[in-house]
Structure formats: structure tokens, C-alpha cells
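Every chain is numbered from 1 and lettered A, B, ... according to where its sequence line falls, protein lines coming before strand lines. The structure displayed is predicted, hence computed values, not measured ones.
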Number of protein chains: 2
Amino acid sequence: MDHATINLDARARTLLRTLIESYIRDGQPVGSRTLARTSGLSVSAATVRNVMADLEDMGLIHSPHTSAGRIPTPAGYRLFVDSLLEVRNPSPDEVRAIQSGFDPNASTQDLMDTTSNLLSRVTRMAGMVRLPRHRNVALSQIEFLRLGEGRILAILVIDGKEVQNRVLELERDFGQDELQRMANYLNAHLAGKSLHAVRAELLREMRDVRDDLDAMMLAAIDLGEKAVGDEDPDDVVVAGQTHLLGYEELADMERLRQLLEAFNEKQEILGILDQCIRSDRVQIFIGRESGLDWFENCSVVTAPYSVDGEVVGVLGVIGPTRMSYDRVIPIVDVTARLLGSALGEQPPGDPK
Amino acid sequence: MDHATINLDARARTLLRTLIESYIRDGQPVGSRTLARTSGLSVSAATVRNVMADLEDMGLIHSPHTSAGRIPTPAGYRLFVDSLLEVRNPSPDEVRAIQSGFDPNASTQDLMDTTSNLLSRVTRMAGMVRLPRHRNVALSQIEFLRLGEGRILAILVIDGKEVQNRVLELERDFGQDELQRMANYLNAHLAGKSLHAVRAELLREMRDVRDDLDAMMLAAIDLGEKAVGDEDPDDVVVAGQTHLLGYEELADMERLRQLLEAFNEKQEILGILDQCIRSDRVQIFIGRESGLDWFENCSVVTAPYSVDGEVVGVLGVIGPTRMSYDRVIPIVDVTARLLGSALGEQPPGDPK
DNA sequence: TCCTGGCACTCGACCGAGTGGAGCGCTGAC
DNA sequence: GTCAGCGCTCCACTCGGTCGAGTGCCAGGA
């Protein structure tokens, strides 16, 4: 982005900012005369034309055809959000609307659902929330249930409220009483530790002490490893896709189809969100920057959310590139904070 | 529908059929001349015009404006599918494509997903599958897990492969050992019976013998009742909504938005499918017949599927009213049969 | 050197008239 | 009952003309 900013003096920056703001508001190409009037600068339209010609040379704006006004290019938007944009604080109404949506007693899944709904409702675009990674949550309990010949159901209770099922297919068959003893053993050793720590510990024990343990314990560790071993499925919750049908700049049916298809497949959405998880602030992708063709005319605004200082997921919205960044950015930002603190609150305790 | 069929002689029926087939194929209003040529009857265009005027009076066709051709009305479509349509058998390729999609070892959920995907891929419209009701499936096992103060996780294993979790909030607190004994008691009494029977039996025992049982058994029955009591959540699996973006007769953005929104909410889709579950054959809704405004220009083709002679669910497709019924109907039909038999096959057994 | 007003030019949007074609209803003949 | 023909309607398309917005360029002035 440096190469573009270098040669921009204050006047050009003001004009570019005014132009983009005007285009975002009205959706119409903006010409030199209106720009001269609305910019607040006391310069003539002709001067504005000269500046606009320079901006066009730099690839920041372009005209859709001779003698229409100018509209921003992706590079123009980029410069705009990076260094020209003044975000307003979210209006108190909006904050209240968001805040009231969070129920601290809800399960993680419900929290994700309401959050993405919230995002889409407030911004009138598509909202999405990456499910939190379970790295730092505590394993409350683990149980096994025999389903049939060599088929075991593993039940993980996490943080005292989330429940995960996994069906394990095993070579050897275990009786229910054996399974019970294994579960007792694992619970005694591992309950209360984070899933991350559990996994590490199981691997370590398996390596270190394979000879010292009796067969049952070894089998238990093996089983535990299998149960917590799989990464929990990466997933993302999306809401409000249909809002995107309303934007005329996305009216191309084929593009629209690809876009909605991407929301169904979720794979590419995941890819985009994962690119953002490293940043610690609001991040923005404009048009094809994410490398996806069907993303033309779309932008993403994301923010990571964290619990106890550790980033556990990302949320954001997808909308037309021509969106009100000054409004959307603070909304995404504050939503991320609120989700983080809602997740951080303690669940109904398990005092035993 | 009777009132319309009465006065239609063979020639009028042929002409109506040809007209609708032609309109379905080309999407263009069809005029008297082309209709006279393509109908196979040796009558002149003028005669055809007379017949068309009659059909218009009966409300079966209408012209979008003076001196365009005619297009079918919903009533026309209705008559067409009820008594004029000759369904072709599905092409062997299509049958093979559908058949190869079914993996008899898949879980119910996976089976639903692949089925709706299949439907949408083969018909290039939106496919949907109503989850089967669990009336007739056997309870394999029931277990309880104490999550915290008064919070119990009930685990139902059904048919030896499906697992359902339910969190119960109770007044009284139970220890894990109490829960274990209750589960043992319930398993001894109920395992292998259908959920339906289980529910009935629990209710009966509760009423009949409330004094004879000791407190533990009474509590166990109460708990079991709570665990199986809730109907499992009604749900429907939808796939391929985005195919609908391609049809120009659905190009109205606002309508389209409502349509896709309905797919997200699922509530109204459920309503439509439930209306069809009583029928034992392929059923068709045309346009507003379902009573929903946003359904204009859309039709549904559904078929119930059954296991062991009992209807357990419905599947179908949604597409534009102008669809190839002769192709779609047999596809839906055969898919329903194949899904039924796939569900009927025995899961990996639990011989113990 | 930079700004400004002026001017010619371009392009798209809009409008109205004209044209061709598809299709209909009606009528009179067979 | 069927058919051919006539006149009519309406739509889609084209063409020419006008208008307005906007540009690029140039020459004059601070």
C-alpha cells in the first residue's frame, strides 16, 4: 500500500475520501462538479478534474465509460480503509441491540447462532462466526458406551455443559465393565485439564511408560487418545445470506449463485476466516484480495474474538464492496468483544 | 378438478397437453399456428384458436397480453399433472446415478444429506428430505451422566447406531451410582422395544404400580419418561437451493429472497411436507395451492418413503412451476423407494 | 508553477415515430 | 364443425434526435 500513499497530498486525499464516501452513499459514479461542491475545498471543478486524472493514473479510481463520473477501484477502497477512513463509534442503539442479544447462559452453539444472526441483522449483510477452538476449555468428564462389536461411543463433556459424541471403530472388542474402568481411570487422571493438555498428556504417557502399565491402563490411554485425538470438526456458522440478494451490484445471477454456494459449502468461507485469525484487530478483505474469483464486488470485515486474552475464533460479515465501512467496522469490533466476554463467563458450575 | 375435466373432449385435451409441454420446453407463450403444427392433429390454426378460446374461458390458459401466445394458468398445470401427463420412466443413467449414491452403511443423517443432494443434483432444483420419524425404531440402550447440580445428560442409542443426547434439568440431584442403577433397570426392561412402545410402557407403569415400586424404580421411570418424552426435533434437510437462482421465471429478487429465507427458516417447508405425508404416492403442489404467497411460480413434487410398509417421512423437490414434470416425478418416486429400502437394511448388528 | 474558466467532444439515457411480426377475434363460405 | 382470410392489437426492435453530465485540453491570470 505504500507505493500509492507516497505521492498523495492532503487535497488529493480529501478528494478521494469524499469521492468514495459519496459513492458508498449513493452508488452513483461521481463527477468533478459535484465532488468540487461537496468536498469542502474551495477549488474549481476543473482542478478537481486534474486531481482525478492523477488518481486514475495511480489506479485508485476509474470511469466505467467516457464521461461518466468516477468510481473507486479495489486499490482505491484499500487505501480508503487503510488510511482515510474515520470510523464512527457505533450508535448507542446499535450497541444496545447487540448487547441485549447475548444470553450468558446459552450454550456455545446457541451463542454462535445468535451472534451471526445479530451481525446479519444489524448490518443487513451476511454474518458469520467461526466456532471457537476448544484449546483452552476443560474436560469435565469422559465416558464410553459399547454400541456393538468393536464399536464404542465416546462421550466428552466439556466445560460442564458442552457434550461431544464420537463413535470409535476398534479392532478389539471391550465389555461395558472394562470400558467403565477405563473411563474411571481417565477421569481420575484428566478431568479438569484442558483438552489441549489432555491430548499432550496422553501422548506423553503412551510414549514414556508403555511397559510399566498394565494392559488395561494401556488400552485406556489408547482409547482416550482416540477419543480426544480427532480435531473437533472445523465449522462456521453463517446467517443472513439472503440479505445479499438485495444489493444491485451483486445482481449477476451466476456470481450470486457461486456466492451462496460458497456459504453452503463453507470451505472457502473457512479459508478466508482462517487467514484473519492471526491478526489481533479488525481486518478487511476487498474484492479479489482473498484470491477468489466469485468474490468480485464483495468485501469481508472480520475481527478475532478472545477469551482470557487468547484468540479463540473469528467473526465477521460479508457484503458488497460498496458498504458503509465506517458503520460496519465498529459493529464487528464491538460484537467480537461482547462475544468474547460472553464466552468467558463461567458456566453453571460442577462443584463436586 | 372434476368441473374442468368434464367438458374437455379429446382434441382439446391434446391441444392443452401439447401447449403445456411446449411451454415447459421453451418458456415462450405458444400461439395457435405453432400449436396447430406441433399437436399432430390435422386441424388449422383457426380451429386451434377456437379451442384455445374455450380453454381460456375455463381458466386453464391465458395470454399475458393481447396477441401474445397463451401460457398455462395454475389450474391448467393442475389438470395437466392430474390427467394429461405421461411420465416417462427415469432413464437408466439417472437410476444408476441415484442408486450409486446410497451407501447402506451410512448413518441416518448422512443418508438424508446424500439423498437431498442427489435430488437437487439430478433435477437441478432444490431437494429436500424430511427426517424420518422414529416411531418404529428400537431403543438399544439408555444411559445417564451427571453433568452438575440437577443437570443430567441422557444418552439414547437407537437402532444400534444413532445417538441422541438430551440434557435434563431436574429438581432433585442424583449421584452417578444412582443414575447407573436406574439405567440398568430401564435397560433391562426396555431395551429392544420401539421408542413408541417404550413411551407407552413407561406411562402405563407409572400409573399402574406407583405404590408397589420402591423409590428408586419410581425415580427411574420418571427419568426415563423425561428422557424419551420429548418428541425428537422435527427437521428437514435441504440442498441445492442455489439452483433456483438460475430460473428466469424466479428472477424477482424480493420473491427469491423470501424463497431462500424460507429454506433457512425451514418452518414453512416443514408445513408443506407435512401436508404430503398422508398421501401414499407422488404429490404435487402448484403455485399458491399451499397457501403461501412467496410460492408463486414455484411447485413442489413430493413422495413419502416408507420402511417395512410404514410411511416414515417425505422427500421432494422445489422448482419453478414451469418444470419438466414428466422427468421430475419419476425421479422423486424412485428416490423415495430407494431411500426407504436403504433405511430398511439392517445396521451392523448388536448380537449381545 | 499552479489554478481557473471556457470550450469542444463523448457517451449514455430518454423519447417518439416507424416498422415488422406474431397472434388474436371475427366472419363468411364450405 | 371446419377453414381461410381480413383487420386489428400489441410487442420488440430500430432509428434519429435531444439533453445532460462529465471529461480533456487549452490559454490566460495569479
Is [X] touching bases, backbone alone, or none of the nucleic acid, heavy atoms closer than 4.0 Å?
X	value
A/Ala46	base
B/Ser32	sugar-phosphate
B/Thr34	nothing
A/Arg70	sugar-phosphate

### Query
What are the 5'-most and 3'-most nucleotides of DNA chain C lying under 4.0 Å from any heavy atom of chain A?
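In short, chain A contacts DNA chain C from C/dC3 to C/dG12.
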
Just how far, in rounded Å, is [atom2] of [N] from [atom1] of [X]?
X	N	atom1	atom2	result
A/Leu19	D/dT23	CG	C1'	14 Å
A/Leu15	D/dG22	CG	C1'	16 Å
B/Arg33	D/dC6	CZ	C1'	14 Å
A/His65	D/dG20	NE2	C1'	12 Å
A/Asn50	D/dA27	CG	P	15 Å
B/Leu35	D/dC3	CG	P	14 Å

### Query
Closer than 4.0 Å, any side-chain N/O of A/Arg49 to the OP1 or OP2 of D/dC26?
no

### Task
Answer yes or no: does a side-chain N or O of B/Thr66 lie under 4.0 Å from OP1 or OP2 of D/dT9?
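False: B/Thr66 side-chain N/O out of range (4.0 Å or more) of D/dT9 OP1/OP2.
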
#### Entry: Close side-chain approach of A/Ser63 and A/Glu56, heavy atoms under 4.5 Å
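In short, these two side chains touch, coming nearer than 4.5 Å.
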
### Task
Ignoring the backbone of A/Glu56, work out which of D/dG24, D/dC3, D/dG5 is nearest its side chain.
D/dG24

### Task
Taking atom types as modelled, find out whether A/Trp294 and A/Glu261 have a side-chain donor-acceptor pair closer than 3.5 angstrom.
no

### Query
Around B/Arg255, counting heavy atoms of other residues, nucleotides and ligands shown, do more than 12 lie under 6.0 Å from its CZ?
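It does: B/Arg255 CZ has more than 12 such atoms within range.
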
### Query
So, the side chain of B/Arg322 versus the backbone of B/Ile24: is there a donor-acceptor pair under 3.5 Å, distance only?
yes

### Query
Is there a donor-acceptor pair under 3.5 Å between the side chain of A/Ser279 and the backbone N or O of A/Arg281?
yes

### Query
What are the two closest heavy atoms between B/Gly287 and B/Phe295, and how far apart are they?
O-CD2, 3.4 Å

### Task
Apply the side chain to side chain contact (heavy atoms under 4.5 Å, CB included) test between B/Thr18 and each candidate in B/Leu16, B/Ile20, B/Thr14; give the one that qualifies.
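With B/Thr18 as partner, B/Leu16, B/Ile20, B/Thr14 yield a single side chain to side chain contact (heavy atoms under 4.5 Å, CB included), made by B/Thr14.
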
